[in-house]
Amino acid sequence: MLEIAIGIILGCCALGAGVAMIAGIGPGIGEGNAVAKACEAVGRQPESKGAVTSTMLMGCAVAETTGLYALVVAILLIFVAPNIMVNVLLRAIG
């Protein structure tokens with residue numbers, strides 16, 4: 001019975017890490033749209049290239065943090081959470 005409980009804990013941690021990494025899709029789409037719009041803006045008004053580029057880079061950096069947070073959560077779910085949860089289970093059983 002203990003092996004099944006540990007297996008469920010490990011499976012749920014792996015599933016949670018996979019779901020957390022789905023958050024990596026959003027920054028990719030958002031940054032792609034930002035670069036496309038920046039290219040359009042520079043194409044329409046080439047003299048504003050510096051302002052458009054700096055604003056786009058700042059926005060992309062902020063958007064990228066979402067993906068990095070998701071990566072950190074996934075790594076914690078894979079490497080840290082299983083040990084903690086198994087220890088809690090073992091203490092609860094006695």
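- For the residue pair Gly43 and Pro46, the shortest heavy atom distance occurs at O-CD, 4.3 Å.
- Between Lys49 and Val42 the shortest heavy-atom distance is CA-CG2, 4.0 Å.
- Contact record, Glu31 with Cys60: OE2-O, 3.3 Å, taken as the closest heavy-atom pair.
- Hydrophobic clustering (ILVMFWY, side-chain heavy atoms < 4.5 Å, transitive): Ile75 and Ile78 are in one cluster.
- No path of Ile, Leu, Val, Met, Phe, Trp and Tyr side chains, each step under 4.5 Å between heavy atoms, connects Ile8 with Leu2, placing them in separate hydrophobic clusters.
- Leu10 and Ile4 are assigned to two separate hydrophobic clusters, defined by single-linkage of ILVMFWY side chains at heavy-atom distances under 4.5 Å.
- Other residues, nucleotides and ligands contribute at most 12 non-hydrogen atoms within 6.0 Å of the CE atom of Met85.
- Annotation for Met56 and Ala34: closest pair CG-O, 4.1 Å, computed over non-hydrogen atoms.
- Taking each heavy atom of Ala23 and Ala70 in turn, the nearest pair found is CB-CB, 3.6 Å.
- Under the 4.5 Å side-chain heavy-atom criterion for grouping Ile, Leu, Val, Met, Phe, Trp and Tyr, Leu89 is not connected to Leu77 through any hydrophobic cluster.
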Checklist entry - Run the side-chain contact (heavy atoms from CB on, under 4.5 Å) check on Ile29 and Asn33 step by step: do they pass? => result CA-CA 6 Å; Ile29 293 171; Asn33 286 337; 3.9 Å; yes
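- Taking CE of Met1 as the reference point, atom CD1 of Ile6 lies at 12.0 Å (rounded to 0.5 Å).
- Hydrophobic clustering (ILVMFWY, side-chain heavy atoms < 4.5 Å, transitive): Val80 and Ile9 are in distinct clusters.
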Next on the checklist: For a side-chain contact (heavy atoms from CB on, under 4.5 Å) check, start with the C-alpha distance between Val52 and Thr55, then their side-chain angles and the critical distance, and finish with the verdict.
Outcome noted: CA-CA 5 Å; Val52 170; Thr55 304; 6.0 Å; no
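- Side-chain atoms of Thr65 come within 3.5 Å of backbone N or O of Val62 as a donor-acceptor pair.
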